[in-house]
Amino acid sequence: MSDTQNNPTQAELDAIEAEADAILEADAADASDLAPLDQVIAERDEWKDRALRAVAEMENIKRRAETQSNDARAYAIQRFAKDLLAVADNLERGIQAAPKDAGDAAAALVTGMELTQKSLLSAFEANNLRRVAPEPGEAFDPHFHQAMMEQPSETVQGGQVIQTLQPGYALFGRTLRPAMVVVAAKGSGAKSAAAAYAPAETTGGAFDGKA
């Protein structure tokens, strides 16, 4: 076989090179066609990020405005609300001091006082002034309760409220006056009281008469 048949001619080499150049030019053209699309995608991502940041900022502004509005309202009625607490306290003391076996006239008076108290508390609630009077067994909350004393209890677990001495009030979720309470001492509770009086357990084994 001749060398001409084994080796490509110059014309064939030129043709192969021209074909390779054409392929490279086509790839470059495709890449240049995709460049505007990549730019559009980048701009879209940038505007999307800006939009998300703007939404987050608006939410923060909205929350700050609500907080400032609530603070302004609370400050405006705080002094007036504190003055009303004395009225509510006196009304409750009057109801508690009323005789339980009163006659018809006295009973009607007590009923009227109770209805007045209910109406007053409803007006408080309508203006975001909430009465705080924890029941026995509720957990002590230092944000709304003030421990006046601590004592052991057989029915209430340690750290829970035994009794409310004076109800408190919260204005817009913030303590206007803490509830004065009695708190169960550490180790209180039915289980601990039962354990204190439980007989000691024996540790010896059964007696074997054959030993």
Side-chain angles (χ1 to χ4, degrees), residues 56 59-103 105-198:
E59 288 295 327
N60 291 334
I61 293 175
K62 181 180 178 181
R63 283 193 292 268
R64 286 197 298 267
E66 290 178 352
T67 301
Q68 292 173 357
S69 177
N70 290 339
D71 290 344
R73 292 177 60 190
Y75 179 79
I77 65 174
Q78 184 174 2
R79 183 175 179 180
F80 178 64
K82 284 185 176 180
D83 291 340
L84 286 179
L85 297 189
V87 178
D89 291 340
N90 290 332
L91 186 59
E92 185 167 2
R93 293 190 190 99
I95 294 174
Q96 293 176 350
K100 305 301 180 183
D101 55 349
L109 179 60
V110 173
T111 300
M113 293 173 64
E114 292 174 344
L115 292 176
T116 301
Q117 183 189 40
K118 183 178 180 180
S119 178
L120 181 62
L121 293 179
S122 296
F124 284 175
E125 289 284 349
N127 289 275
N128 293 287
L129 180 60
R130 181 175 60 88
R131 187 173 185 266
V132 180
E135 296 291 333
E138 289 189 24
F140 175 79
D141 187 346
H143 296 96
F144 298 101
H145 308 156
Q146 181 178 353
M148 304 305 296
M149 64 182 69
E150 186 177 294
Q151 64 186 36
S153 172
E154 296 182 2
T155 58
V156 175
Q157 298 294 327
Q160 295 180 345
V161 175
I162 298 177
Q163 179 186 0
T164 297
L165 302 177
Q166 184 184 51
Y169 289 88
L171 182 62
F172 288 97
R174 298 183 179 182
T175 301
L176 184 63
R177 187 184 74 186
M180 299 181 182
V181 300
V182 180
V183 181
K186 184 178 180 180
S188 296
K191 292 183 179 179
S192 60
Y197 295 99

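In this chain, residues are counted from 1 in sequence order.
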Compile the donor-acceptor pairs under 3.5 Å between side chains in residues 78-86 and protein atoms, sequence neighbours left out, one pair per line.
none

Validation: residues 159-172 side-chain donor-acceptor distances under 3.5 Å, sequence neighbours left out:
unit_1: Gln160; atom_1: OE1; unit_2: Gln157; atom_2: N; d: 3.3
unit_1: Thr164; atom_1: OG1; unit_2: Pro134; atom_2: O; d: 2.7

Residues 61-68 side chain polar contacts: donor-acceptor under 3.5 Å, at least two apart:
unit_1: Arg63; atom_1: NH2; unit_2: Asn60; atom_2: OD1; d: 2.4
unit_1: Thr67; atom_1: OG1; unit_2: Arg63; atom_2: O; d: 2.9

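Considering only residues two or more places apart in sequence or on other chains, Asp89 meets the side chain to side chain donor-acceptor pair (under 3.5 Å) condition with Arg177. Partners of Glu150 under the side-chain contact (heavy atoms from CB on, under 4.5 Å) rule, at least two apart in sequence or in another chain, are Ala185. Phe144 meets the ring pair (Phe, Tyr, Trp, His ring centres under 6.0 Å) test with no other residue; sequence neighbours excluded. In this structure, Ala123 has no side-chain contact (heavy atoms from CB on, under 4.5 Å) partners at least two apart in sequence or on a different chain. Judged as a side chain to side chain donor-acceptor pair (under 3.5 Å), and not counting sequence neighbours, the contacts of Asp141 are His143. Partners of Arg131 by side chain to side chain donor-acceptor pair (under 3.5 Å), not counting sequence neighbours, listed by chain and number: Glu92. Evaluation of the side chain to side chain donor-acceptor pair (under 3.5 Å) rule for Arg93 yields Asn90 as partners, not counting sequence neighbours.
Among pairs with a residue in residues 158-167, none fulfils salt bridge (Lys or Arg N to Asp or Glu O under 4.0 Å), at least two apart in sequence or across chains. Identified under the side-chain hydrogen bond (donor to acceptor under 3.5 Å, both in side chains) test for residues 111-130, with sequence neighbours left out: none.
In this structure, CD1 on Ile77 lies 7.0 Å from CG on Leu129, to the nearest 0.5 angstrom.
For the pair Val181/Gln146, no side-chain contact is recorded, criterion being any heavy-atom separation below 4.5 Å from C-beta on.
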Verdict with reasoning, Val182 to Met148, per side-chain contact (heavy atoms from CB on, under 4.5 Å): CA-CA 6 Å; Val182 180; Met148 304 305 296; 5.7 Å; no
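Remark: the backbone N or O of Ser153 is paired with a side-chain donor or acceptor of Ser188 at under 3.5 angstrom.
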